[in-house]
Amino acid sequence: MSHPAEPLGLDLDARYAAACELAQAAAERGMTYYRSRNELTVMHKGGDMQDVVSIADKALEDFIRAELLTRFPEDGFVGEEGGHANLEARCVWVIDPIDGTRCFVNGLHNWCVSIGLMVDGKPYLGAIADPNHQELFRGRIGHGAFVNDTPLQVHPAQHVREGVVGAGTTHRPGKENFLPFVQGLLDEGGMFFRNGSGALMTAYVAAGRLIGYYETHLKSWDCLAGVVLLAETGGRINDFFRNDGLLEGNPFLAACPGVYEQLAELIGPSLDA
Ligand code: 2AM
Ligand code: CA
């Protein structure tokens with residue numbers, strides 16, 4: 001059934017089905033690389049030893065893009081590995097072929113494939129496939145958010161001491177805000193968690209597993225699919241897409257409504273500077 005505010009004139013059922021199908025298919029292909037990860041060539045991006053990319057990242061993004069282009073040739077793309085194209089299109093796919101690459105290359109199970117779709121400039125649907133845990137997080141505006149077939153629900157916490165908060169950083173500018181945040185969180189009786197995948201930690205907020213998630217700087221492909229899940233579960237996010245957020249990223253905060261303000265205060269003005 002379509003939602004009253006549904007964008008008109010687009011086959012969004014087909015796009016939602018494609019996002020779910022291709023996230024899972026790419027995740028299965030990713031598992032083949034993951035099982036033989038010792039043979040993968042790993043490169044470091046921009047001289048940052050933590051920011052790695054493997055042949056698997058590139059192959060999976062090529063696969064997803066080719067499939068989407070065949071089915072929806074008029075659509076645009078933003079991808080971690082392949083850059084952006086046709087951003088004027090009504091439908092723009094935002095793809096991270098492997099979120100948590102650092103985990104992937106080290107044999108840690110916290111990685112996923114994330115495929116999101118912006119429609120008329122707004123996050124509209126998303127699918128996040130985690131093959132190690134056999135979980136597909138999926139959501140569409142006006143149609144709910146699920147893990148496999150179970151509806152998602154944010155945590156009812158009213159204070160940070162009532163749950164666990166995802167917290168992550170990279171070596172990009174902004175990392176200086178990380179330790180003061182963790183210090184403040186601990187002082188309030190809260191606790192932090194990091195698994196190395198922004199997409200999964202965002203999905204975990206929508207699923208009520210985490211009460212919030214703060215990353216000092218995130219890219220849109222790491223969180224766009226998760227942002228849809230949050231919109232459908234009543235989770236809150238900061239003004240992440242301001243300025244050139246879609247292409248350049250920004251600090252990111254996602255939280256259940258009861259602790260959003262408290263977390264934003266612990267982060268301070270850098271969140272929306
Ligand atoms: P990735 O695995 O796709 O690179 C972990 O803190 C999160 O930060 C992950 O979602 C990771 O995504 C992302 N990340 C890694 N390097 C980054 C960078 N240089 N800028 C922004 N995000 C990055
Ligand atoms: Ca990635």
Side-chain angles (χ1 to χ4, degrees), residues 23 26-27 29-30 33-34 37 40 42-65 77-84 93-116 126-132 137 165-179 181-182 192-205 210 212-227 229 237-238 240-241 243-254 267 270:
R29 286 172 180 236
Y33 288 102
Y34 185 61
R37 60 190 167 273
L40 283 180
V42 177
M43 290 144 290
H44 298 269
K45 286 200 247 181
D48 181 345
M49 289 305 286
Q50 299 292 327
D51 198 3
V52 292
V53 61
S54 74
I55 193 81
D57 300 63
K58 293 179 190 297
L60 295 185
E61 185 162 326
D62 287 350
F63 163 70
I64 296 166
R65 279 194 188 225
F77 288 93
V78 179
E80 174 158 23
E81 312 304 337
H84 57 86
W93 295 94
V94 182
I95 301 163
D96 193 346
I98 300 180
D99 183 55
T101 303
R102 190 83 192 167
C103 295
F104 183 96
V105 299
N106 286 299
L108 296 163
H109 287 5
N110 304 308
W111 58 269
C112 62
V113 177
S114 177
I115 301 180
I128 298 171
D130 171 355
N132 282 289
F137 296 90
V165 177
T169 191
T170 64
H171 290 93
R172 290 174 72 88
K175 63 180 181 293
E176 65 280 5
N177 300 315
F178 184 70
L179 288 178
F181 169 75
V182 172
F192 63 91
F193 167 90
R194 179 179 194 265
N195 75 356
S197 164
L200 285 177
M201 287 190 280
T202 306
Y204 292 169
V205 177
L210 297 174
Y213 166 44
Y214 167 53
E215 184 84 29
T216 56
H217 187 274
L218 208 59
K219 293 292 180 66
S220 63
W221 46 80
D222 297 318
C223 65
L224 191 123
V227 162
L229 307 178
I237 63 162
N238 67 316
F240 175 79
F241 293 97
N243 303 331
D244 205 10
L246 182 66
L247 297 182
E248 295 301 326
N250 269 315
F252 182 65
L253 173 63
I267 297 163
S270 64

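We count ligands from 1, going down the list as the structure has it; atoms in each ligand are counted the same way.
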Notebook entry, point to check: Can you find a pair of side-chain heavy atoms, one from Phe77 and one from Ile64, that are under 4.5 Å apart?
Noted result: no
Notebook entry, point to check: Any N or O of Leu218 that comes nearer than 3.5 Å to an N or O of ligand 1?
Noted result: no
Next item on the list: Flag the pair Phe104 / Asn132 as yes when at least one side-chain heavy-atom distance between them is below 4.5 Å, and no otherwise.
Entry: no
Notebook entry, point to check: Does Glu215 approach ligand 1 within less than 4.0 angstrom via side chain, backbone, both or neither, non-hydrogen atoms only?
Noted result: side chain
Notebook entry, point to check: Going by the order shown, which atoms of ligand 1 are within less than 4.0 Å of some heavy atom of Gly196?
Noted result: 5 (C), 9 (C)
Check: Between Arg102 and ligand 1, is there a nitrogen or oxygen pair with a distance under 3.5 Å?
Finding: no
Check: Any N/O/S atom of Ile98 sitting less than 3.0 Å from the Ca ion (ligand 2), backbone or side chain?
Finding: yes
Note to self: Yes or no: does Ile98 have any heavy atom under 4.0 Å from an atom of ligand 1?
What the structure shows: yes
Next item on the list: Compare Met201, Arg172, Glu248, Glu81 and give the one whose heavy atom is closest to atom 21 (C) of ligand 1.
Entry: Arg172
Note to self: Quick check: do Tyr213 and Leu218 have side-chain heavy atoms less than 4.5 Å from each other?
What the structure shows: yes
Check: Is it the case that more than 12 heavy atoms not belonging to Phe63 sit under 6.0 Å from its CZ atom?
Finding: yes
Checklist line | Criterion side-chain hydrogen bond (donor to acceptor under 3.5 Å, both in side chains) against Thr216, the qualifying member of Asn177, Thr169, Asn250 | finding: Thr169
Item checked: Under 4.0 Å to a heavy atom of Gly100 - the qualifying atoms of ligand 1, by number -> 1 (P), 2 (O), 3 (O)
Margin query: At under 4.0 Å between heavy atoms, is it the side chain or the backbone of Thr170 that contacts ligand 1, or both, or neither?
Written below: side chain
Checklist line | Test item: Pro97 and Trp221 side chains (from C-beta on) under 4.5 Å apart, heavy atoms | finding: no
Notebook entry, point to check: Would you say the side chain of Phe240 lies within less than 4.5 Å of the side chain of Val227, judging by non-hydrogen atoms?
Noted result: no
Next item on the list: Run down the list Asn250, Thr202, Thr216, Asp222 and name the one with the heavy atom closest to atom 13 (C) of ligand 1.
Entry: Asp222
Checklist line | Among Asp99, Leu229, Thr202, the one residue meeting side-chain contact (heavy atoms from CB on, under 4.5 Å) with Ile128 | finding: Leu229
Check: Which of the numbered atoms in ligand 1 are below 4.0 angstrom from a heavy atom of Gly198?
Finding: 9 (C), 10 (O)
Checklist line | Interatomic spacing from CG in Asn195 to CG in Leu200 - rounded to 0.5 Å | finding: 5.5 Å
Check: Judging by distance only, is a nitrogen or oxygen of Ala199 under 3.5 angstrom from one on ligand 1?
Finding: no
Next item on the list: Can you sort out which atoms of ligand 1 are near Glu80, meaning under 4.0 Å from one of its heavy atoms?
Entry: 3 (O), 4 (O)
Notebook entry, point to check: Of all the atoms in ligand 1, which lie at a distance below 4.0 Å from a heavy atom belonging to Arg194?
Noted result: 5 (C), 6 (O)
Next item on the list: Could you tell me whether any N, O or S atom belonging to Glu80 is less than 3.0 Å from the Ca ion (ligand 2)?
Entry: yes
Next item on the list: Answer yes or no: does atom CG of Leu108 have more than 12 heavy-atom neighbours from other residues, nucleotides or ligands under 6.0 Å?
Entry: yes
Notebook entry, point to check: Quick one: does Thr101's side chain get under 4.5 Å of Trp111's, heavy atoms only?
Noted result: no
Note to self: Any N/O/S atom, side chain or main chain, of Asp96 closer to the Ca ion (ligand 2) than 3.0 Å?
What the structure shows: yes
Notebook entry, point to check: Numbering the atoms of ligand 1 from 1, which are under 4.0 Å from a heavy atom of His217?
Noted result: 21 (C), 22 (N)
Margin query: When you compare the side chain of His84 with that of Leu247, does any pair of heavy atoms fall below 4.5 Å?
Written below: yes
Next item on the list: Would you please determine whether Gly249 falls within less than 4.0 Å of ligand 1 on a heavy-atom basis?
Entry: no
Notebook entry, point to check: ligand 1 and Asp96, any nitrogen or oxygen pair closer than 3.5 angstrom?
Noted result: yes
